[in-house]
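What follows is a short report on a single structure.
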Amino acid sequence: MRSLSFLSKMTIFGFLLSTLPVIFIGAFAFVTSSSEIQKNVNEGKMQLITQINSNVEQKLTNGQPYT
């Protein structure tokens, strides 16, 4: 098998040089956005749990039947 020509080597190098930063930036953006979305979902769940807890306590302290 013969070695690659200079043009082929430069083409491969250019392709890698332009592709690798895009892959790294995409992976970083994915990880960052995933953690932010998970944080927002957890905050929303905690607010919902707090609101439900408050509603149940209010119903129990007022003596009203819970429906």
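Here, residue 1 is the first one in the sequence, and each next residue gets the next number.
Thr61 places a side-chain N or O within 3.5 Å of a backbone atom of Gln58 that can act as its donor or acceptor partner.
Phe13 forms part of a hydrophobic cluster together with Leu17, judged by ILVMFWY side-chain heavy-atom separations under 4.5 Å. Alongside Phe6, the hydrophobic cluster contains Met10 (criterion: ILVMFWY side chains under 4.5 Å). Hydrophobic clustering, defined by side-chain heavy atoms of Ile, Leu, Val, Met, Phe, Trp and Tyr closer than 4.5 Å, leaves Leu7 isolated from every other such residue. Hydrophobic cluster of Val41: the remaining members, joined at side-chain heavy-atom separations below 4.5 Å, are Ile37, listed by chain and number.
Residues passing the salt bridge (charged side-chain N to carboxylate O under 4.0 Å, His left out) test with Lys39 are Glu36, sequence neighbours excluded.
With rounding to the nearest 0.5 angstrom, the OG1 atom of Thr32 is 11.5 Å from the CD1 atom of Ile25.
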Side-chain atoms of residues 47-54: list all donor-acceptor pairs with protein atoms under 3.5 Å, sequence neighbours left out, distances to 0.1 Å.
from: Thr50; atom 1: OG1; to: Met46; atom 2: O; distance (Å): 2.8

